[in-house]
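Working notes for the structure below.
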There are 2 protein chains.
Amino acid sequence: MSDREIPSAEVGASTTTMDALELTCRRFPEGQRRIFRAAIDAFAERGFHATSTRDIAARAGLSPAALYVHFPSKEAVLHQISVASLGLTRDVAKAASTGPGSPAERLFATVRDLTTWHAVHSASVRVVLHHLTDLTPEHRGDVTDIQREIYRMMRGLLVEGAEAGFDIADPGATTIAVLSLCVDTARWYTPDYRRAPERIGEDHAALALRMVGAHRG
Amino acid sequence: MSDREIPSAEVGASTTTMDALELTCRRFPEGQRRIFRAAIDAFAERGFHATSTRDIAARAGLSPAALYVHFPSKEAVLHQISVASLGLTRDVAKAASTGPGSPAERLFATVRDLTTWHAVHSASVRVVLHHLTDLTPEHRGDVTDIQREIYRMMRGLLVEGAEAGFDIADPGATTIAVLSLCVDTARWYTPDYRRAPERIGEDHAALALRMVGAHRG
DNA sequence: GTCTATACAGGGATAGAC
DNA sequence: GTCTATCCCTGTATAGAC
């Protein structure tokens, strides 16, 4: 098993709610970053609807009107956050699942890294997961497209493993179950939980290998 | 393995968003039922904050002011919904985990029934899970108390199983992982999904037995 | 216990100066 | 690109008649 790091994302490098933020907003011009950051924090603390555009602007140190220079609406801010966050999640899954090693090694690495990601970035992930229904149908489609990409990567890995000895009754069912283990971490994890995110990742990875009837190594 | 039904709840008996509703509102006087029902539907479709008290009242066929005859606030309605829904979830877990059979049989039954429950009632469960932070601290405490009860039941079952042959590295970690499998069903399940709720329950139960290193039977 | 009417606050978004 | 000021709508909750 390689001890490869999660690629380009420095998981665990920082400790605040703003982690995902710091990562996701890199692609944005400086002007939008402050608003982007402020919105993630505010949405994570109070939820999308309970957060006013005035809240976001105030956190960013701007006037209420400044938000509309950079984004056409509050929903557009949520959309950008969702696409950026899920895009990085997909990058984590892709790097681990297409890396070196046997299918069992890659499954271990993928579940470990995805779980760790969802713990470290639990606050921003919850924003995305809880507010899918607040996006316009088009914007929601962008998000579900990325979710389907992640599903297909995991399913491909399990099918490949099945040819190499995994014992899987229903590939689709097992794919969903393994991803549940990873994603649900964002629901229950809090920073004061006894196990560190990396440890939870390893525990989940070991359980996933059992679920597919594989052995690590 | 017994083919015992989920007790008193008729899981799978109906198909609409209002399932949980029909169950949870039985204990309420008739006057409150219509509002309770309307609120669950509205919260499930649009979310707590996006739903106005006017929406709820209109769905219930009442004037905007009528809601306040039965509930002191919109938050109180959410609180009642959450406590009722989680209370029934706990009843499902308790019946299955304290039933007859070996620890492996009871674990299978508990994961099966909890998963089926979360699929059938996914809409109302999502309301509870997504809006914990919208409750007052006291009301949120009521909800987390019940969640802890369910956690303790599952943990007790796993510890009992460990004395009877389960292979569990970290009981707390495995408890959370098994419950993730059950609860996360409410996040991804939709009524048009290919597997029926009962089938998902059996699939998850089989995977849970693998996670604890047990054999069914 | 239900209604109509309304008080009162707050939010999304825009206008127009600088 | 940021500000101040503001439009207009919606929301929670209450008052008081029936």
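The analysis underlying the following values was restricted to heavy atoms, covering all of them including side chains, and did not include hydrogens, waters or symmetry mates. Labels below follow one simple rule: chain letters A, B, ... track the order of the sequence lines, proteins then strands, and each chain is numbered from 1.
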Q. Just how far, in rounded Å, is C1' of D:dT2 from CZ of A:Arg34?
A. 11 Å
**Q.** Rounded interatomic separation in angstrom, taking OH from B:Tyr68 and P from D:dT14
**A.** 7 Å
Q: Specify the separation, in whole Å, of atom CG of B:Leu67 and atom P of D:dA15.
A: 16 Å
What's touching nucleotides 3-7 of chain C from the protein side, N or O pairs under 3.5 Å?
| residue | atom | partner | partner atom | Å |
| --- | --- | --- | --- | --- |
| C:dC3 | OP2 | B:Ser63 | N | 2.6 |
| C:dC3 | OP2 | B:Ser63 | OG | 2.8 |

Q: Measure from CZ on A:Arg46 to C1' on C:dG10 and round the result to the nearest Å.
A: 12 Å
**Q.** Between C:dG11 (P) and A:Lys74 (NZ): distance, integer Å
**A.** 9 Å
(Q) Looking at A:Lys74 and A:Asp134, is there a salt bridge between them, counting it only when a charged N and a carboxylate O are closer than 4.0 Å? (A) no
Q. Rounding to a whole Å, what distance do you find between A:Ile35:CD1 and D:dG1:P?
A. 11 Å
Q: Whole angstrom is fine here: how far is it from CZ in A:Phe71 over to P in C:dA13?
A: 13 Å
Q) Would one find a side-chain N or O of A:Thr53 under 4.0 angstrom from OP1 or OP2 of C:dG11? A) no
Q. What are the two closest non-hydrogen atoms of A:Leu179 and A:Tyr151, and how far apart are they?
A. CD1-CA, 3.9 Å
Q.
So that I can tick it off, tell me whether B:Asp41 and B:Arg37 are bridged by a salt bridge, with the cut-off set at under 4.0 angstrom between side-chain N and carboxylate O.
A. no
(Q) Measuring only between side-chain heavy atoms, which start at C-beta, is B:Gln80 closer than 4.5 Å to B:Phe71? (A) yes
Q) What's the CG-P distance between B:Asp55 and D:dC9, to the nearest Å? A) 18 Å
Q. Any ion pair linking B:Glu160 and B:Arg106 (charged N to carboxylate O, less than 4.0 Å)?
A. yes
**Q.** N/O (side chain, A:His49) to phosphate O (OP1/OP2, D:dG11) under 4.0 Å
**A.** no
Q) Is it true that B:Glu202 and B:Arg195 have a side-chain N and a carboxylate O under 4.0 angstrom from each other? A) no
